[in-house]
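Bear in mind that the values here come from a model prediction, so they are computed numbers and not experimental data.
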Amino acid sequence: MARLTETDKARNEAAIRTAMDRILAGSLPPGGKADLKTLAATAGVTRTGFYPKKNRDGTPRPGPYQHLAEEFERRLQELRAAGEIVDPRDGQVNRLKQQVDELKERLASRDRRLAELTEFKVLAISRLAAQYDEIERLREQATNGENVRRLPVSRNAAEPYGSCS
């Protein structure tokens, strides 16, 4: 792999800074998000330049653009802490989470109402059954003639309940 010249490194850093500003302003490429992968793709550099390397003797050394990756992550965290949503998908995720919470509450409310209505239905049916049993008992009592007295019939047969005058 060829070593980067200072000119190439300076040109790449300028491209990374420009891409960083665009991404942090919310101008993301289609399918991209606010991360190092999108930053590298937008700037036209390899992503490996953002991560530390190892020398041949095993000692670590910073990647050529690691300081820019750290700056990008720091600025991204500052924007998120300030409540600005850089990545529109983050906003969509937050909106969908809020919608899910609202729908869960509506479903719980509907379940409570359904339980109340079911309880009312059971009570109404049991009352109707008790009333039916009472009507049947009274009919039986009326047909047996036990302790039942007939009411006198009105003189005016057309008016069974008497006249209102």
Indicate yes or no for a side-chain donor-acceptor contact from T18 to the backbone of A14 under 3.5 Å, with no hydrogens or angles considered.
yes

Is the CZ atom of R127 crowded by more than 12 outside heavy atoms at less than 6.0 Å?
no

For residues T42 and R22, report the shortest heavy-atom separation together with the two atoms involved.
CG2-NH2, 2.9 Å

Out of curiosity, Q98 CD to R95 CZ, how far, rounded to the nearest 0.5 Å?
9.5 Å

Backbone N or O of D57 within a donor-acceptor pair of the N55 side chain at under 3.5 Å?
no

Measuring from atom CZ of R106 to atom CD of Q99, what distance do you get when rounded to the nearest 0.5 angstrom?
10.0 Å

K53, NZ atom: more than 12 neighbouring heavy atoms under 6.0 Å:
yes

For T118 and L114, indicate whether the former's side chain and the latter's backbone hold a donor-acceptor pair under 3.5 Å.
yes

Between E70 and Q66, do the side chains contain an N or O donor and an N or O acceptor separated by less than 3.5 Å?
yes

Is there a side-chain contact between P64 and K9 (heavy atoms, below 4.5 Å)?
yes

Go through the steps for L39 and F50 under the test side chain to side chain contact (heavy atoms under 4.5 Å, CB included), then give the verdict.
CA-CA 10 Å; L39 178 62; F50 293 128; 3.9 Å; yes

State, yes or no, whether a side-chain contact exists between L138 and E134 at a heavy-atom distance under 4.5 Å.
yes

Flag the pair R112 and E119 as a salt bridge only when some basic side-chain nitrogen lies within less than 4.0 angstrom of an acidic carboxylate oxygen.
no

Verify, without hydrogens or angle tests, whether T143 (side chain) and R139 (backbone) share a donor-acceptor contact under 3.5 angstrom.
yes

Determine, stepwise, if the pair R11 / E6 fulfils side chain to side chain contact (heavy atoms under 4.5 Å, CB included).
CA-CA 9 Å; R11 187 175 54 244; E6 287 303 314; over 6 Å; no

Can you check side-chain hydrogen bond (donor to acceptor under 3.5 Å, both in side chains) on D35 and T38, steps first, answer last?
CA-CA 6 Å; D35 63 357; T38 304; 2.8 Å; yes

Which pair of heavy atoms, one from Y65 and one from N12, lies closest together, and at what distance?
OH-ND2, 2.8 Å

Audit row: K121, L117, side chain to side chain contact (heavy atoms under 4.5 Å, CB included) steps and yes/no:
CA-CA 6 Å; K121 178 180 138 187; L117 290 173; over 6 Å; no

Salt bridge check, E78 against R75: does any charged N sit closer than 4.0 Å to a carboxylate O?
no

Heavy-atom closest pair (E71 atom, R17 atom, distance to 0.1 Å) is OE1-NH1, 2.9 Å

Salt-bridged, E116 to R113, with N to O below 4.0 Å?
yes

Can you tell me how far CE of M20 sits from CG of L68, rounded to the nearest 0.5 angstrom?
5.0 Å

From CA spacing to verdict: side chain to side chain contact (heavy atoms under 4.5 Å, CB included), E73, L36
CA-CA 8 Å; E73 293 292 339; L36 290 177; 3.7 Å; yes

Looking at E140 and R137, is there a salt bridge between them, counting it only when a charged N and a carboxylate O are closer than 4.0 Å?
no

Check whether any side-chain heavy atom of F72 lies under 4.5 Å from a side-chain heavy atom of I16, and answer yes or no.
no

